[in-house]
Amino acid sequence: MLYVDNHHETDPRLNLALEEYVLRHVLTDEPIVLFYVNEPAVIVGRNQNTLEEIDPDYVAAQHIQVVRRLSGGGAVYHDLGNLNFSFITNGSQDLHNFQRFTEPVIRVLNQLGVPAALHGKSNIYVEGKKISGNAQYLAGNRMVSHGTILVDSDLEALLRALNPRQTPIESKAVQSIRAVVGNVRDWLPEMDVDSLRQALLAGIFGGGPVPEVGLTAVDWAAIRQIKAERYDTWEWNFGRSPQFTVRKRVPWAGGEVGAEVVVKNGRIQTITFTGPLAGCALQTHLVGHRYDQAALAQTLETYGPVNGLPAAQLLKLLY
């Protein structure tokens, strides 16, 4: 086993780029382990519709980053109280074998006095509360198995950020399964992420020397390039969501006006208005437009009211 030190980077986009780089370019027969802690972020699964997983208003107001990862599974919340671990191995024989990769984590937690256990296929629970979710992905002949450990996370922020907006959305995206969550500090009040990281390293490497993979300046430049080309882009984090349909109605002039918006690759494919806006030119004007709240707000403000319906109401109708 080899260890990759991320030098305490807390940018979630950079850490996901680091993980991808190690998977694809740090080729060794030895398994590799990586730990990282992220600034507040929602990390959505590869096949999820981002807007079905988050409260976009809360996320924007709290400056919480939203980033898509390469693995499947559900959305998770990261902050500075959450420790993430990643095992990178050769071959695909352990794909779907979460027990192999959660075992060292569970063993160390048990040694520390936390009665953690694997629950279902891929989650770690303690006394009915979920403290860790795990996911995997394969690239060529190498795979990643990574997971979270809630150590001292802001659980209120977690619940609010992962509270999907109450808008009818139809899609075939993978949706997250909600669970009762808990922090490791509920059982170990003095524990923090750095202490747990050190305990896990000691447990994985038997308390002996920790052999490291040294990353060069050239490696880090390549990692930042992956970040810029994938994880920094709206097209990856939001636009890659599977096709979905939004249907909404808002009151207007003693009645109501409705809209059906079909979105594919993050862009509006069709809009169908009902009521006073039926057949208006805005339906075609917005085709191809990025389905993004700020971008739509700017376009609608420039376009102006339609049949007396102001831009703010139009935005509520469409987004």
Pairs of donor and acceptor atoms involving the side chains of residues 263-270, under 3.5 Å and at least two apart or interchain, shall be tabulated with distances.
residue	atom	partner	partner atom	Å
R267	NH1	G288	O	3.3
Q269	NE2	R267	O	3.3

- If you count the non-hydrogen atoms of other residues, nucleotides and ligands that lie under 6.0 Å from NE2 in H25, is the total more than 12? yes

- Indicate yes or no: at least one non-hydrogen side-chain atom of L300 is less than 4.5 angstrom from one of L286. yes

- Does D79 reach the main-chain N or O of D154 with its side chain, forming a donor-acceptor pair under 3.5 Å? yes

- Search all heavy atoms of D55 against all heavy atoms of R160 and return the closest pair with its distance. CB-O, 3.4 Å

- Considering the options K316, R249, K248, which one meets the salt bridge (charged side-chain N to carboxylate O under 4.0 Å, His left out) requirement together with E256? R249

- Task: Show your working on side chain to side chain donor-acceptor pair (under 3.5 Å) between E19 and S86 and close with a plain yes or no.
- Result: CA-CA 8 Å; E19 180 184 80; S86 176; 2.9 Å; yes

- Do K130 and I124 have side chains that get closer than 4.5 Å, going by heavy atoms? no

- Message: Closer than 4.0 angstrom, basic N to acidic O: yes or no for R224 and E9?
- Response: yes

- Message: Tell me whether Q298 at atom CD has more than 12 heavy atoms from other residues, nucleotides or ligands lying less than 6.0 Å away.
- Response: no

- Report yes if some heavy atom in the side chain of F35 is under 4.5 Å from a heavy atom in the side chain of N84; otherwise report no. no

- Is there a side-chain contact between Q283 and F273, using heavy atoms and a 4.5 Å cut-off? yes

- Message: Show the nearest heavy-atom pair for residues G203 and R107, with the distance to one decimal.
- Response: O-NH1, 3.5 Å

- Query: Between Q136 and S145, is any side-chain donor less than 3.5 angstrom from a side-chain acceptor?
  - Reply: yes

- Start with the C-alpha distance between D5 and L34, add both sets of side-chain angles, then the distance that settles side-chain contact (heavy atoms from CB on, under 4.5 Å), and finish with yes or no. CA-CA 7 Å; D5 186 349; L34 164 70; over 6 Å; no

- Where do L95 and M143 come nearest, in terms of heavy atoms and distance? N-SD, 3.6 Å

- salt_bridge(D192, R185) N-O dist < 4.0 Å: no

- Item | Side chain proximity check, T148 to H78, heavy atoms < 4.5 angstrom | yes

- Message: Students often mix this up, so state it plainly: with edges at 30° and 60°, are the rings of F238 and W234 parallel, tilted or perpendicular?
- Response: parallel

- Cut-off 3.5 Å, side chains only: do Q48 and E52 have a donor facing an acceptor? no

- Can a donor-acceptor pair be found between the side chains of N15 and N38 at a distance below 3.5 Å? yes

- Query: Would you say the side-chain atoms of R142 pair up with the backbone N or O of L23, donor to acceptor, closer than 3.5 Å?
  - Reply: yes

- Atom of N141, atom of S92 and distance for their closest heavy-atom approach: OD1-N, 4.4 Å

- Query: Are any side-chain N or O atoms of S195 and backbone N or O atoms of M191, one a donor and one an acceptor, separated by less than 3.5 Å?
  - Reply: no

- Where does the angle between the aromatic ring planes of W220 and H7 fall among parallel (under 30°), tilted (30 to 60°) and perpendicular (over 60°)? tilted

- Item | side chain to side chain donor-acceptor pair (under 3.5 Å) between N82 and Y77, intermediate numbers included | CA-CA 8 Å; N82 178 82; Y77 175 78; over 6 Å; no

- Task: Report yes or no: does S153 contribute a side-chain atom to a donor-acceptor pair with the main-chain N or O of L150 at less than 3.5 Å?
- Result: no

- Item | Chi angles and distances behind the side chain to side chain donor-acceptor pair (under 3.5 Å) call for N134, S132 | CA-CA 7 Å; N134 293 263; S132 172; 3.2 Å; yes

- Message: Less than 6.0 angstrom separating the ring centers of Y303 and H285, yes or no?
- Response: yes

- Message: So, using ring pair (Phe, Tyr, Trp, His ring centres under 6.0 Å) as the criterion, who are the partners of F205 when residues are at least two apart?
- Response: none

- Name of the residue among V4, N90, T89, V144 meeting side chain to side chain contact (heavy atoms under 4.5 Å, CB included) with I32: V4

- Message: Regarding E39 and T10, do their side chains bring together a donor and an acceptor under 3.5 Å, going by distance alone?
- Response: yes

- Is it true that a side-chain atom of N163 and a backbone atom of L159 form a donor plus acceptor pair closer than 3.5 Å? no

- Query: Tell me, do L196 and L112 make a side-chain contact under 4.5 Å, heavy atoms counted?
  - Reply: yes

- Message: Within the structure provided, determine whether T28 and V213 are in side-chain contact (heavy-atom separation under 4.5 Å).
- Response: no

- Item | side-chain contact (heavy atoms from CB on, under 4.5 Å) between I204 and F87, intermediate numbers included | CA-CA 11 Å; I204 291 169; F87 291 96; 4.0 Å; yes

- Message: Looking at every heavy atom in both R69 and V76, which two are closest together, and how far apart are they?
- Response: NH1-CG2, 4.2 Å

- Please check if the side chain of T50 supplies one atom and the backbone of N237 the other of a donor-acceptor pair under 3.5 Å. yes

- Query: Are L277 and W252 side-chain neighbours, meaning at least one heavy-atom pair lies under 4.5 Å?
  - Reply: no

- Item | Under 3.5 Å: donor-acceptor pair, side chain of N307, backbone of L309 | no

- Minimum heavy-atom distance between R68 and S241, given as atom pair plus value: NH2-OG, 3.0 Å

- Message: Are more than 12 heavy atoms, taken from residues, nucleotides or ligands other than E30, located less than 6.0 Å from that residue's CD atom?
- Response: yes

- Give a yes or no on whether E156 atom CD has more than 12 heavy-atom contacts from other residues, nucleotides or ligands under 6.0 Å away. no

- Note on the structure: Which of V151, N123, V126 passes side chain to side chain contact (heavy atoms under 4.5 Å, CB included) with I131? It is V126

- Parallel, tilted or perpendicular: which describes the rings of W236 and Y231, with under 30° parallel and over 60° perpendicular? perpendicular

